[in-house]
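Report on the structure given below.
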Amino acid sequence: MFVGATQAVAPDAASSLKLATWNVNSIRQRQDLVLDWLAREKPDVLMMQEIKCETAQFPAEAFKQAGYGCVVVGQKSYNGVATLVRGPFETVTECLPGFADDAARYVEVRTQGMVLGNLYLPNGNSGGEAGYATKLNFLDALTARARQMLEQSTDFVLAGDYNICPTREDCAPGALGPEDALVRPQSRAAWRRLCWLGLTDALRALHPHGEAYTFWDYQARAWERDCGLRIDHMLLSPRVAERLQTAIPDRAERGLPRPSDHVPFVVTVAGGA
DNA sequence: ATGGCACGTAGGACGTGA
């Protein structure tokens with residue numbers, strides 16, 4: 001087979017991999033909305049956060065009928081993550097190595113030749129300084145995990161609700177005070193330490209500037225005023241970053257009835273073949 | 001500045017979210 005001139009990599013549904021992350025704010029409240037979205041968008045993988053239920057309460061059967069296998073790490077009332085995968089996969093870990101906390105905030109799967117970490121970072125605004133320290137500890141452990149996978153030459157994506165606005169333009173004017181845990185300098189410094197391992201912020205790699213919010217508060221008519229935040233992210237390891245095609249927050253989802261306060265963030269990468 | 005909204009746990013308000 002003749003290999004001709006280099007061709008621009010164009011998004012191609014047949015050969016590209018579609019990955020999504022979405023903080024659903026209770027899967028029991030959002031089940032039908034998520035199923036509708038899956039039927040429309042047909043991602044290969046959906047990483048969900050804040051499912052807010054115990055593992056046994058997760059509607060796994062409904063998603064199975066929609067064509068997805070799932071791994072669920074739930075707990076009562078709060079937190080909880082679940083990853084839906086079309087096609088074969090295996091679970092790598094159901095907790096973040098090096099983070100000593102029983103909160104359900106991390107799950108990792110291997111599929112399509114890469115490791116996909118699904119994470120829900122502590123908000124950091126509750127529990128005083130100890131609560132904030134937990135957020136930084138999680139980021140330290142995540143950074144160590146990323147470093148380990150880089151050393152092993154593993155292709156990976158770290159996706160989820162980071163609860164960090166990386167820069168000023170990721171936070172609408174007046175949306176948060178300067179002391180908020182989502183914008184505190186220490187939070188942003190920890191984000192940069194993670195990125196500086198050599199990871200690529202999928203959204204900013206393709207859209208270096210401008211608003212790309214993924215969250216609008218339920219309060220104060222935040223959606224109507226477009227008073228949003230960019231806090232849901234995907235970080236790509238180097239070889240995955242070279243395959244990056246698109247990165248789009250699905251804003252339309254926020255305007256539907258009874259939405260989550262977060263919208264899906266969708267990234268496509270060229271297929272392995 | 002003030003948390004005004006939504007969720008789960010309750011079967012009242014309250015903690016949490018960001």
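- Within the 4.0 Å cut-off from OP1 or OP2 of B:dG8, at least one side-chain nitrogen or oxygen of A:S26 is found.
- Listed candidates were B:dT9, B:dC7, B:dG4. Nearest to the side chain of A:R28 is B:dT9.
- Remark: aromatic rings of A:Y162 and A:W191 are close, center separation under 6.0 Å.
- The distance from the CG atom of A:L121 to the CD1 atom of A:I164 is 6.0 Å, given to the nearest 0.5 Å.
- For A:Q75 and B:dG8, the CD to P distance is 13 Å, given to the nearest whole Å.
- Comparing A:R221 and A:Q57 by the nucleotide of DNA chain B that holds the closest heavy atom to each, the one mapping nearer the 5' end is A:R221.
- In the model, A:Y132 has a side-chain atom that pairs as donor or acceptor with a side-chain atom of A:S187 under 3.5 Å.
- Checking the phosphate oxygens (OP1, OP2) of B:dA6, no side-chain nitrogen or oxygen of A:R30 falls inside 4.0 Å.
- Counting only heavy atoms from C-beta outward, the side chains of A:N125 and A:L182 approach each other to under 4.5 Å.
- In this structure, CZ of A:R254 is placed 10 Å from C1' of B:dA6, rounded to the nearest angstrom.
- Residues meeting the side-chain contact (heavy atoms from CB on, under 4.5 Å) test with A:A220, sequence neighbours left out: A:R225.
- A:R258 places its CZ atom 9 Å from the P atom of B:dA6, with the value rounded to the nearest Å.
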Between protein and nucleotides 14-18 of chain B, what N or O pairs are separated by less than 3.5 Å?
| residue | atom | partner | partner atom | Å |
| --- | --- | --- | --- | --- |
| B:dG17 | OP2 | A:S126 | OG | 2.5 |
| B:dA18 | OP1 | A:E50 | OE1 | 3.0 |
| B:dA18 | OP1 | A:D161 | OD2 | 3.4 |
| B:dA18 | OP1 | A:H262 | NE2 | 3.1 |
| B:dA18 | OP2 | A:Y120 | OH | 3.1 |
| B:dA18 | OP2 | A:N163 | OD1 | 3.3 |
| B:dA18 | OP2 | A:N163 | ND2 | 2.9 |
| B:dA18 | O5' | A:N163 | OD1 | 3.4 |
| B:dA18 | N9 | A:N123 | ND2 | 3.4 |
| B:dA18 | N7 | A:N123 | ND2 | 3.2 |

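- Using modelled atom types and a 3.5 Å distance limit, the side chains of A:T268 and A:S16 yield no donor-acceptor pair.
- The distance between atom CD of A:E179 and atom P of B:dG3, rounded to the nearest whole Å, is 17 Å.
- A distance of about 26 Å separates the P atoms of B:dA1 and B:dC14, rounded to the whole Å.
- As rounded to whole Å, 13 Å separates atom P of B:dG8 from atom CD of A:Q31.
- As rounded to the nearest Å, B:dG17 and B:dG4 have C1' atoms that lie 15 Å from one another.
- Contact check on A:E108 versus A:R145 returns a salt bridge, with a Lys/Arg side-chain nitrogen under 4.0 Å from an Asp/Glu carboxylate oxygen.
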